[in-house]
Novice: 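A single structure is presented below for examination.
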Amino acid sequence: MKKIGCISVLAIVGLALAAIMWGVGIYNNMVGLKEPATSQWANVESAYQKRADLVPNLVNTVKGYAEHEKGTLTEVIEARANATKINIDASNLTPENIAAFQSAQSGLSSSLSKLLATFEAYPDLKANENFMALQAELSSVENEIKFERQKFNTKVQEYNTYIKKAPQNIVANFTNFLEMGYFKAEQGSEKAPKVEF
């Protein structure tokens with residue numbers, strides 16, 4: 001009788017250890033998927049910061065050519081200030097926080113587009129080497145932002161998919177591994193712009 005009791009206790013202990021090791025394995029996999037996503041977030045922020053750093057140089061270059069465009073310049077400066085105000089802690093990349101960050105960045109994108117479109121009417125400015133170099137650098141940074149956002153979304157998708165599958169979702173809920181947010185297309189971007197001649 002004692003032998004059966006000892007075997008039962010050993011079996012229960014063995015099952016408990018197996019369950020703990022299973023949970024630890026899932027936990028470690030979640031950490032292994034979340035860390036690259038949060039690391040990629042730093043790359044996204046860095047790309048946006050590069051763009052924000054270009055804005056003062058672009059504004060200063062344009063100032064001398066178009067004094068009567070002060071409203072547009074002021075709008076760009078204010079949009080830059082708003083875009084750089086929002087910082088998200090990498091440990092809190094919720095869909096709501098990502099949307100707020102994206103909204104602030106969209107304001108700057110819109111203002112920069114308006115600025116560049118407005119100054120198409122200034123041939124002297126378009127021929128200015130500093131302006132041309134800044135415009136090319138801004139275009140390069142916009143491409144970098146797009147690339148980093150795509151990489152971020154890929155890492156987030158891998159992480160979110162893993163934590164939503166069973167049985168990982170049980171461990172994720174128990175250990176507070178939450179779904180991360182994505183960058184999404186801007187509202188209205190699915191419609192082609194209307195072009196008239």
Side-chain angles (χ1 to χ4, degrees), residues 32-63 66 69 71-120 122 125-126 128-162 178-195:
L33 289 169
K34 186 174 184 177
E35 285 306 308
T38 56
S39 174
Q40 183 57 37
W41 175 252
N43 294 341
V44 170
E45 286 183 316
S46 176
Y48 276 113
Q49 187 60 50
K50 281 183 191 176
R51 181 178 70 176
D53 291 345
L54 285 174
V55 170
N57 293 334
L58 187 62
V59 167
N60 287 333
T61 300
V62 168
K63 267 185 188 176
E69 297 291 349
T72 303
L73 294 172
T74 302
E75 183 180 321
V76 170
I77 292 166
E78 288 172 358
R80 178 189 183 271
N82 287 336
T84 56
K85 274 186 212 174
I86 296 185
N87 291 316
I88 300 174
D89 179 16
S91 65
N92 196 18
L93 296 173
T94 63
E96 297 80 22
N97 286 343
I98 296 288
F101 182 85
Q102 186 174 358
S103 177
Q105 295 301 329
S106 295
L108 180 55
S109 295
S110 175
S111 295
L112 284 171
S113 295
K114 184 177 175 184
L115 175 72
L116 295 175
T118 300
F119 293 108
E120 286 293 315
Y122 297 92
L125 177 61
K126 288 186 348 185
N128 179 288
E129 287 181 31
N130 285 342
F131 181 75
M132 296 302 289
L134 287 167
Q135 194 173 19
E137 192 172 349
L138 185 60
S139 177
S140 173
V141 169
E142 291 293 341
N143 287 333
E144 183 181 346
I145 288 170
K146 180 181 174 189
F147 175 73
E148 297 298 348
R149 284 174 47 160
Q150 287 172 339
K151 280 178 60 178
F152 174 76
N153 279 349
T154 298
K155 297 293 182 191
V156 168
Q157 179 187 20
E158 291 169 2
Y159 166 77
N160 285 347
T161 300
Y162 185 80
L178 304 174
E179 181 179 356
M180 296 173 78
Y182 293 97
F183 276 100
K184 296 179 181 174
E186 307 232 0
Q187 201 167 10
S189 65
E190 70 280 356
K191 297 176 187 169
K194 188 175 182 181
V195 179

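In what follows, every heavy atom counts, from backbone to side chain, and hydrogens, waters and symmetry copies are set aside. The first residue of the sequence shown is numbered 1, and numbering continues consecutively from there.
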Novice: Do you know the tightest heavy-atom contact between Met180 and Thr38?
Specialist: CE-CG2, 4.0 Å

Novice: Which atom names give the shortest non-hydrogen contact between Ala104 and Ala83, and what distance separates them?
Specialist: O-CB, 3.7 Å

Novice: Can you tell me how far CZ of Arg149 sits from OH of Tyr48, rounded to the nearest 0.5 angstrom?
Specialist: 4.0 Å

Novice: Determine yes or no for a side-chain-to-main-chain donor-acceptor pair under 3.5 angstrom, with Asn153 supplying the side chain and Tyr182 the backbone.
Specialist: no

Novice: Roughly how far apart are Leu134 CG and Ser139 OG, rounded to 0.5 Å?
Specialist: 12.5 Å

Novice: Determine whether the side chains of Asp53 and Gln49 contain a donor N or O and an acceptor N or O closer than 3.5 Å.
Specialist: yes

Novice: How would you list, by chain and number, every residue that makes a ring-ring contact (aromatic ring centres under 6.0 Å, His included) with Tyr162, sequence neighbours excluded?
Specialist: none

Novice: I need the Gln135 CD to Leu138 CG distance, nearest 0.5 Å.
Specialist: 8.0 Å

Novice: Short question: side chain of Ser111, backbone of Gly107 - any donor-acceptor pair under 3.5 Å?
Specialist: yes

Novice: Using atom types as modelled and distance alone, determine if a side-chain donor or acceptor of Thr154 lies under 3.5 Å from a backbone N or O of Gln150.
Specialist: yes

Novice: Search all heavy atoms of Ala47 against all heavy atoms of Ile145 and return the closest pair with its distance.
Specialist: CB-CG1, 3.6 Å

Novice: Test side-chain contact (heavy atoms from CB on, under 4.5 Å) on Lys151 and Phe147; report intermediate values, then the result.
Specialist: CA-CA 6 Å; Lys151 280 178 60 178; Phe147 175 73; 3.3 Å; yes

Novice: Atom CH2 in Trp41, atom OG in Ser46: separation rounded to 0.5 Å?
Specialist: 12.0 Å

Novice: Between Asn43 and Gln40, do the side chains contain an N or O donor and an N or O acceptor separated by less than 3.5 Å?
Specialist: yes

Novice: Can you measure from CG (Leu93) to CD1 (Ile98) and round to the nearest 0.5 angstrom?
Specialist: 4.5 Å

Novice: Please confirm whether the backbone N or O of Ala99 pairs with a side-chain atom of Ser103, one donor and one acceptor, at under 3.5 Å?
Specialist: no

Novice: Can you name the side-chain hydrogen bond (donor to acceptor under 3.5 Å, both in side chains) partners of Tyr159, sequence neighbours left out?
Specialist: none

Novice: Is there a donor in the side chain of Arg51 and an acceptor in the side chain of Ser109, or the other way round, less than 3.5 Å apart?
Specialist: yes

Novice: When rounded to the nearest 0.5 angstrom, what distance separates NZ in Lys155 from OG in Ser39?
Specialist: 9.0 Å

Novice: Quick one: does any side-chain atom of Thr161 pair with a main-chain N or O of Glu158 as donor and acceptor, under 3.5 Å?
Specialist: no

